[in-house]
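Please read the structure below before turning to the comments.
Side chains are part of it too, since the values below use all heavy atoms of this structure and drop only hydrogens, waters and symmetry mates. By convention in this document, chain letters (A, B, ...) are assigned in the order of the sequence lines, proteins followed by strands, and residues within each chain are numbered from 1.
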Protein chains: 2
Amino acid sequence: MRRKPKELTNETATARLRQAGLRPTRQRNELAKLLFRNGHRHLTAEALHGEAVAEGIKVSLATVYNTLHQFTQAGLLLQVVVDPTRSYFDTNTVYHQHFYHEDEGILTDIPGPDIAVDGLPTPPPGTEIKRVDVVVRVRKH
Amino acid sequence: MRRKPKELTNETATARLRQAGLRPTRQRNELAKLLFRNGHRHLTAEALHGEAVAEGIKVSLATVYNTLHQFTQAGLLLQVVVDPTRSYFDTNTVYHQHFYHEDEGILTDIPGPDIAVDGLPTPPPGTEIKRVDVVVRVRKH
DNA sequence: CAACAGTTTAGAATTATTCTAAATACCTGA
DNA sequence: TCAGGTATTTAGAATAATTCTAAACTGTTG
Ligand SMILES: [Mn+2]
Ligand SMILES: [Mn+2]
Ligand SMILES: [Zn+2]
Ligand SMILES: [Zn+2]
């Protein structure tokens with residue numbers, strides 16, 4: 001049972017960008033390939049930039065930030081807030097929740113059936129719920 | 001049914017600091033009085049500093065940061081992470097969850113019986129759950 | 001009250017992130 | 001195919017929250 005390294009071809013990446021309404025540039029293609037090549041990922045802008053540089057992809061940090069935000073707006077990514085010092089982006093855009101490993105600064109998806117949040121009250125008048133985030137903070141013991 | 005303005009006396013503040021193992025200085029006393037004078041509060045370092053200055057209390061922003069962290073370590077405050085651009089501190093230290101009003105950048109406690117999170121899996125081996133945070137993000141509609 | 005450790009502070013430093021505005025790359029219509 | 005226009009990229013400056021430094025000050029204790 002080998003995990004197939006679901007490499008994105010340039011064409012697939014381009015198509016995905018187009019249908020998200022984003023012009024497929026070299027940088028966006030490359031970043032999309034890094035982001036979506038294999039399973040779900042949780043990473044920071046710095047981390048993605050480092051990865052790109054390590055693979056010889058020429059892209060500036062500003063573009064990585066721009067791209068992550070554009071992908072987020074387009075629904076290709078989700079931004080996750082767990083640490084006051086940095087932002088994480090999640091390639092898994094279906095509803096799910098997270099473990100945050102405080103020692104290592106690593107986010108992982110909570111597996112299994114979805115977490116249920118019971119006892120949610122009506123939101124304050126004039127407001128609507130946009131999203132419910134659950135973060136389970138764990139530590140090595 | 002008037003809400004009594006539960007002002008903290010200097011003595012009460014001092015006592016609270018002592019039993020938290022913190023030396024009761026003028027700045028810590030004043031900040032404690034602002035923080036704990038009336039109901040629960042959710043505020044940023046900048047906000048608390050602004051409030052202090054507005055009331056004529058002489059204290060530097062660095063001290064506000066120091067104090068908020070010391071109070072947090074001592075268990076008098078809880079830090080809440082909901083916005084990647086700033087940290088909130090909560091004077092309500094019993095287990096509870098939050099609404100985050102994204103438009104206004106305001107945190108409020110979720111009232112009523114505690115939220116129940118069902119379906120939490122066992123944490124990854126070698127780790128223990130430190131805290132479960134639920135943030136209900138709301139927006140004006 | 002002396003003396004020391006703990007605390008405060010101004011200002012510099014750090015870090016993540018955003019902004020600017022100039023150069024470059026896509027895309028479309030001719 | 002290509003010119004022209006717009007979107008994108010980028011280096012570097014700017015911003016903003018927060019932390020650090022090291023010198024001055026203050027609470028505590030004997
Ligand atoms: Mn921050
Ligand atoms: Mn930040
Ligand atoms: Zn995830
Ligand atoms: Zn609260």
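- Rounded to whole Å, atom P of D:dT19 lies 16 Å from atom CZ of B:Arg86.
- Legend: side-chain hydrogen bond (donor to acceptor under 3.5 Å, both in side chains) pairs involving residues 40-49 of chain B, not counting sequence neighbours, sorted by first then second residue: B:Arg41-B:Glu51, B:His42-B:Asp90, B:His42-B:His98, B:His42-B:Asp109.
- Minimum interatomic distance between A:Ile106 and A:Tyr88 (heavy atoms only, all atoms of both residues): N-OH, 4.4 Å.
- Summary for the helix from C:dC1-D:dG30 to C:dA30-D:dT1: the axes at its two ends, each from 5 pairs, differ by 30° when rounded to the nearest 10 degrees.
- Across B:Ala52 and B:Leu31, no two heavy atoms sit closer than the pair CB-CD2, 4.3 Å.
- Here C:dT18 presents its P atom at 12 Å from CD of A:Glu46, a figure rounded to the nearest Å.
- Spacing between atom OH of A:Tyr88 and atom C1' of C:dA16 amounts to 13 Å, rounded to whole angstrom units.
- Inter-residue side-chain proximity for A:Thr67 and A:Gln27 is flagged as unmet; no heavy-atom pair is nearer than 4.5 Å.
- Closest approach of B:Gly105 and B:Arg86 over heavy atoms only: CA-NH2, 3.9 Å.
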Query raised in the report: Base, backbone or nothing for each nucleotide of nucleotides 3-10 of chain D, written B, S, -, heavy atoms under 4.0 angstrom, 5' to 3'?
Result: ----SSSB
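- Take A:Glu102 and apply the salt bridge (Lys or Arg N to Asp or Glu O under 4.0 Å) test, not counting sequence neighbours, and it matches A:Arg137, A:Arg139, B:Lys130.
- Put simply, A:Tyr65 has no side-chain N or O that comes within less than 4.0 Å of OP1 or OP2 on C:dT18.
- Across the protein-nucleic acid pair, A:His69 atom NE2 and C:dC19 atom P stand 10 Å apart, rounded to whole Å.
- Using the six-membered ring where Trp is involved, B:His69 and B:Phe89 have ring planes that are perpendicular, over 60° apart on the 30 and 60° scheme.
- Remark: A:Gln19 pairs with no residue by the side chain to side chain contact (heavy atoms under 4.5 Å, CB included) rule, at least two apart or across chains.
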Show me the side-chain donor-acceptor pairs of residues 120-129 of chain B shorter than 3.5 Å, one per line, residues at least two apart or across chains.
residue	atom	partner	partner atom	Å
B:Thr127	OG1	B:Pro124	O	2.5

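- Looking at heavy-atom distances under 4.0 Å, A:Ser87 makes contact with sugar-phosphate atoms alone, never a base.
- Between B:Thr85 and C:dT17 there is no side-chain polar atom (N or O) within less than 4.0 angstrom of OP1 or OP2.
- Note: CG (B:Leu17) to C1' (D:dT28) measures 15 Å, nearest angstrom.
- A:Leu68 places its CG atom 13 Å from the C1' atom of C:dA16, with the value rounded to the nearest Å.
- Counting to the nearest Å, the P atom of C:dT15 and the CG atom of A:Asp83 are 14 Å from each other.
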